[in-house]
Structures are given as structure tokens and as C-alpha cells.
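Right, one structure below, let's go through it.
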Amino acid sequence: MSASTGYFNHFAEDGAWDEEAEVSRMREDAGRGVAEAQYLLGWHFMVGDQTPYGPPHDLTEAFRWFRKGAEQGHAEAQLHLGNCYEYGDGVARDASQAFTWYRKAAEQGNGLAQANLARFYEHGFAVDKDEAEAVEWYRKAIEDGVGVKEDLERLENKIRAEQAEKRRLAAEAERRRQEERRRRQEHEERRKREAAQCAKAPSVPAPWIKQWNDKHDRVVYLNPDTGKTVMTVADVVAAIAQAEERARAEAARARQAAEAKWVRHVGFPEDEALAALREAGGNKERATHLLIDRALGRDLDSGDDDGSGGADAAVKSASRVAMHDDDHPPTAFDHAEWVRLRDRLYYAHRETGDRRAAVTHKVAKAMNVLQEDYKTRFVSVGLKGAQIAELLAVSSKSFIGHSMSDRTSLNDYIKELQKRGDIDRTLSKHLHTLRVLGNNARHEYTPPFTAPDKPKVADAVYAVAKFMERKLLPAAGEGVAADCAGASGGGLLAQVEAIREALSIVTPARRMRDVVTEARDLLGLDGTGTVPDQVAAIVAFLGL
């Protein structure tokens with residue numbers, strides 16, 4: 001440290017330097033706010049008591065006096081204050097404060113402060129890294145005589161190397177851009193040439209498409225669905241023909257498998273079953289009914305009431321088939337009871353002349369087919385049971401007094417009849433049995449109809465047939481005329497009431513006109529004339 005002109009120049013009477021007097025005067029001036037004295041006092045506290053009259057080593061006091069001098073603009077005090085902040089002498093380290101005081105001192109021309117500021121800019125201490133700014137401050141420090149020439153040369157060499165690397169990288173990036181531009185141009189030109197070649201090539205049907213093949217350097221044909229590639233249109237035609245042939249073969253195999261499954265399901269000879277399926281146009285349900293109606297000459301319609309005895313002979317033939325000899329016999333009736341009930345329903349129209357007898361006639365024929373097929377064809381038993389349940393449903397207005405809507409399923413209708421009290425729980429259970437087992441016999445996607453199901457169907461059919469017999473025929477076996485005996489001699493109201501009871505007509509209000517209309521519809525009589533005339537015609541038809 002060079003001595004100031006104001007201090008360290010006081011000599012005693014004998015010509016010696018009076019250090020004690022100078023230090024004392026420096027303390028007094030520092031206390032009065034003299035910046036130079038403050039800086040020097042701080043310097044003394046920093047270096048310690050190297051002389052008998054100097055202050056002791058105290059970095060905290062040094063920092064305090066450096067700061068007082070720096071705040072008054074003393075350049076060297078600002079430099080040393082920056083050193084205190086940078087290295088933590090007498091205060092916590094703070095690079096930002098160090099940078100601030102270095103800059104203030106550097107701007108006043110302090111060379112060491114300029115060198116420190118350049119170092120901060122070079123390495124990015126407390127400031128954004130700026131090598132160009134660092135170079136400028138290094139140069140100023142050198143001009144002030146600070147020995148940082150090697151630091152400047154090192155930094156300038158580094159900057160030149162980085163700039164050269166940047167230029168090299170920029171040239172490499174430009175070369176790659178040019179190469180990519182050239183490659184895209186070549187690809188676009190090749191694509192246009194290939195598109196032109198594809199446009200010239202013959203067209204092919206979908207899903208085949210035209211595509212350029214680099215390996216063969218020509219247009220090929222691709223099927224996106226299969227991934228198959230061929231070379232010519234002829235190859236495409238051949239591939240389409242092969243695919244169609246395979247599809248036809250697969251469809252034929254699937255159809256044959258379905259038909260074989262159906263043949264096993266219905267239980268008829270294969271030739272007979274397939275012939276019926278062809279005649280039914282592939283409708284399996286219709287073909288099943290054709291098989292059942294044709295088997296063993298059971299079509300009773302051909303001999304009904306024509307005097308030839310065909311129908312009667314078929315009924316008598318079925319009477320010889322004993323269902324109770326089967327491994328799974330019915331349990332609710334014996335053979336004689338079944339034959340008696342079937343025959344009575346079959347000939348009910350001769351006994352009553354009732355229009356409802358046409359329904360019981362069909363039920364009897366279904367019972368006849370069920371009896372014939374009981375031992376040989378399970379499917380026929382299930383189908384005929386379902387048919388009888390459906391016959392009761394569609395004619396329910398005649399037998400029960402309540403019609404089934406076209407939009408109502410048989411299952412829901414049976415539940416509705418039981419809820420209304422038209423049928424009891426037992427009959428409802430039998431009708432459900434016929435419905436469920438009939439569906440099993442009719443459809444392949446339901447559980448199969450098996451031998452143990454046959455007696456369930458037969459018992460349920462017998463119960464339904466007994467219900468129809470009670471509704472149509474008198475319990476004592478007497479005719480309708482006996483029910484109406486004496487009605488013709490009574491008044492008009494008595495005659496109508498007798499007709500209502502005899503035909504089991506249900507009308508909510510029992511109005512005469514409703515009873516007469518229902519009776520006329522049941523018997524198929526003409527509706528012309530007055531109500532008394534119509535009543536008289538009904539009584540005459542009933543044989544009164």
C-alpha cells in the first residue's frame with residue numbers, strides 16, 4: 001500500500017517518523033468522515049497490528065470502515081469492500097454485492113477492480129455470462145498496469161475457438177438442409193413418375209388397388225384385406241376366382257353342418273328331412289311341420305267329414321299306439337282315458353254343433369299325432385304340445401271370454417288369465433310347460449327336447465284338453481238342447497239367459513244384445529233381423 005500524502009509523513013524533533021501521532025490523527029479524521037482516513041483505518045484492521053501503534057487484526061472492523069469509505073465514493077475502499085463480500089471477510093459471502101462494488105470501483109478506473117469485474121463476466125458470477133464484456137474489462141485493466149494479459153489471451157483464444165465451432169456447425173446444418181431438400185425433390189419426382197405409371201396400368205375391381213413396387217420396378221396389384229400381391233391383371237382375376245370358390249365352399253360346408261345339426265335335432269331320416277327342408281325353402285320350422293304332417297299318413301284333413309272314413313281310420317290307428325308302453329310313460333291318465341277324451345273332442349261338432357268344436361277338432365288331431373309319435377319322434381311331441389297351447393290362446397274368447405292381443409306374448413297372456421281368475425294355477429302351470437318345452441323342440445338355440453320331457457307334455461296336453469271338454473261339453477254328457485230344455489216356452493229374457501249359460505258366454509253386464517251377438521258369432525248364424533228373430537234362430541239351431 002502506498003502512503004497517502006496526508007498521512008504517514010509526520011516526523012518527531014529528532015527527525016524520526018512519529019507513527020503514534022499519525023495513527024492517532026488517522027483515527028480522528030476517520031471519525032470525522034474523511035474517506036481516505038476511513039479506507040486506511042480499514043486497511044490497518046485488515047492487515048493487523050504489524051506496528052506497536054497499529055490497530056489489532058479485526059476483519060469485521062475492517063469491513064465496517066471499508067464500507068464507510070466506499071459509500072463516499074472512495075475507489076480503493078470500494079475495491080476492498082468487494083473483496084470482503086466475495087471472500088466473506090467480516091461479512092457473509094454475497095457475490096451480487098461483490099459485483100456491485102467491483103463495478104463502481106472499475107468505473108472510477110481502479111485496475112484491480114476492472115480485472116475482478118472481467119473475471120465475474122467471464123465465469124458468470126452474479127451476472128449473465130458475457131465473454132465479450134469480460135474482454136473489454138480485461139483490456140482496461142491491462143491499460144492500468146494490472147498483469148492479466150495471460151487471462152485476456154486465454155479468453156480470446158477460447159472465444160475464437162467457439163466462433164470457429166459455431167461456423168462449422170452452421171455449415172454442417174446448412175449442408176444437411178441442402179441434402180434433405182434434394183432428397184425431398186427426388187422423392188417427389190419419383191412419386192410423380194410412379195403415379196403416372198399406376199395411372200397407365202389397367203384398372204382392377206375393389207378391394208384390389210394398383211401400387212408401385214420398388215423391388216420389381218413396376219406396378220403391382222395389392223389386396224389390402226389379405227395383403228396378397230400379384231403382378232398382372234390376369235393374376236388378379238385368378239385370385240378373385242379362387243377367393244370366390246373358397247367362399248362358396250365355406251358357405252356350403254357351413255350350410256351342410258347346420259342342416260346336419262337340424263336333421264339330428266328333428267330325428268327323421270336324412271333324405272326325408274332334407275327333402276322337406278328344400279320344399280320349405282330352407283325354413284327349418286316349416287320343414288319340421290311338413291315332416292310331422294306327412295309321417296305315417298297322419299294328415300287327418302284329407303278325410304274329414306267326407307264319408308270316406310279316412311279321418312276315422314287314422315284316429316283308430318292311433319288308438320293302437322300305447323304311450324304307456326314307452327320307457328317314459330305319462331302319469332296323469334291311462335290309455336283308455338286319453339282315447340276317450342281325444343275321440344270326444346274329435347266328434348264334438350256332431351254332438352253339439354258348436355262353433356267351438358272346430359277348435360277341439362284340431363286339438364284332437366294334434367293329440368292323435370302326438371300319440372303316434374310318442375315312441376319315435378321327440379320333436380313332434382313337443383311341437384304338438386305347443387300347438388295345443390296356442391290353439392287355446394287364439395280361441396280363448398270362445399272358451400274363456402277374454403281375447404289375446406296380437407302384441408301380447410303367450411307367456412304374458414297365460415299370466416294375465418291366471419291373474420283374472422279365468423284359469424287356475426294348475427292349468428297355468430300346464431300351459432307354461434307346453435310353451436317352454438315346445439320352444440325347446442322348435443329352436444336349436446334352446447335346451448334340447450329329450451325323452452324325459454315327453455310325459456310332461458302328454459300330461460299337460462291332457463289337462464288342457466279336459467279344460468276344453470268342460471267348457472264345450474256338459475259334464476253329464478247331455479247335449480246343449482238339454483241345457484236349454486224348456487227355454488223355448490219361456491219369455492225372451494229366459495231364452496237369452498239359457499243361451500248364455502249353455503254356450504258359456506261371458507259378458508260384463510249380461511246385456512241381451514251382447515249375448516245374442518256372441519252366440520250368433522259362435523254358431524256362425526246370419527245377423528239379419530231383429531233381436532227376437534235372432535234369438536229364435538239360435539234356439540232353432542240348438543234344436544229346441
Side-chain angles (χ1 to χ4, degrees), residues 1-4 6-7 26 29-48 50 55-166:
M1 181 193 72
S2 60
S4 170
Y7 300 99
M26 180 176 60
D29 290 348
R32 291 196 300 270
V34 178
E36 178 73 9
Q38 292 170 340
Y39 156 68
L40 289 174
L41 186 58
W43 184 86
H44 273 286
F45 276 113
M46 182 180 68
V47 299
Q50 298 180 0
H57 179 69
D58 190 341
L59 294 178
T60 302
E61 280 295 308
F63 168 78
R64 186 168 72 86
W65 289 108
F66 282 146
R67 185 171 188 84
K68 290 180 179 293
E71 289 176 349
Q72 294 192 73
H74 194 281
E76 291 187 351
Q78 292 171 344
L79 168 66
H80 284 79
L81 183 62
N83 288 334
C84 290
Y85 275 117
E86 181 178 0
Y87 300 107
D89 292 339
V91 69
R93 287 189 176 187
D94 190 338
S96 178
Q97 285 290 332
F99 173 82
T100 300
W101 290 108
Y102 283 152
R103 180 151 194 116
K104 289 182 178 180
E107 289 175 347
Q108 293 191 66
N110 187 286
L112 291 176
Q114 292 169 343
N116 289 339
L117 189 63
R119 179 166 50 84
F120 270 55
Y121 274 115
E122 178 183 359
H123 300 288
F125 296 154
V127 69
D128 293 339
K129 187 175 181 179
D130 189 342
E131 293 179 341
E133 187 74 9
V135 168
E136 293 299 323
W137 285 110
Y138 273 135
R139 288 175 178 171
K140 290 181 179 180
I142 292 173
E143 290 176 358
D144 288 339
V146 180
V148 290
K149 184 176 182 181
E150 292 182 357
D151 294 324
L152 175 61
E153 292 176 351
R154 174 184 50 77
L155 180 57
E156 288 179 337
N157 291 336
K158 178 184 175 184
I159 292 175
R160 283 193 293 269
E162 290 177 351
Q163 291 176 346
E165 181 63 16
K166 287 181 180 180

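These numbers were taken from a predicted model, which means no experiment stands behind them.
- Applying the side chain to side chain contact (heavy atoms under 4.5 Å, CB included) test to Asp144 and every residue at least two apart in sequence or in another chain returns Gln114.
- Between Arg64 and Glu61, at least one side-chain N (NZ, or NE/NH1/NH2) sits under 4.0 Å from a carboxylate O, which counts as a salt bridge.
- Two residues are said to be in side-chain contact when any heavy atoms from C-beta on lie closer than 4.5 Å; Arg119 and Glu86 meet this criterion.
- We find the CD-CG distance between Glu133 and Asp128 to be 11.5 Å, quoted to the nearest 0.5 Å.
- Counting only N and O atoms by type, the side chains of Arg154 and Asn157 include no donor and acceptor under 3.5 Å apart.
- Here the straight-line distance linking atom CZ of Arg103 with atom CD of Gln78 works out to 13.0 Å at 0.5 Å rounding.
- Using a 4.0 Å cut-off between charged side-chain N and carboxylate O, Glu71 and Arg67 make a salt bridge.
- Side-chain contact of Gln38 with His74: a donor-acceptor pair under 3.5 Å is absent, judged by distance alone.
- For the pair Arg160 and Glu162, the minimum side-chain heavy-atom distance is 4.5 Å or more.
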> Given the rule in the salt bridge (Lys or Arg N to Asp or Glu O under 4.0 Å) test, do Glu136 and Arg139 qualify, once you have shown the distances and angles that lead to the verdict?
Replying inline: CA-CA 5 Å; Glu136 293 299 323; Arg139 288 175 178 171; 3.8 Å; yes
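- In this structure, the separation between CG on Asn110 and CG on Leu79 is 5.0 Å, given to the nearest 0.5 Å.
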>> side-chain contact (heavy atoms from CB on, under 4.5 Å) for Tyr138 and Asp151? Distances and angles first, verdict last.
In response: CA-CA 8 Å; Tyr138 273 135; Asp151 294 324; 3.8 Å; yes
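- Within 6.0 Å of atom CD in Glu150, 12 or fewer heavy atoms from other residues, nucleotides or ligands are found, so the atom counts as exposed in its surroundings.
- To the nearest 0.5 Å, the span separating CH2 on Trp65 from NZ on Lys68 amounts to 5.5 Å.
- A perpendicular orientation is assigned to the rings of Tyr102 and Phe120, their planes being inclined by more than 60° (bins at 30° and 60°).
- Using a 4.5 Å heavy-atom threshold, the side chains of Asn116 and Asn83 count as touching.
- Side chains of Val148 and Leu152 form no contact here, defined as non-hydrogen atoms less than 4.5 Å apart.
- Within the 4.5 Å cutoff, no side-chain heavy atoms of Asp89 are placed close to those of Phe63.
- Here the NE2-OH distance, from His80 to Tyr39, works out to 4.5 Å after rounding to the nearest 0.5 Å.
- Side-chain contact between Glu131 and Val135 is absent, with no heavy-atom pair separated by less than 4.5 Å.
- When side chains are defined from C-beta on, Phe125 does not count as touching Phe99, because their heavy atoms never get closer than 4.5 Å.
- When ring centroids are compared, Phe45 and His57 stay outside the 6.0 Å threshold.
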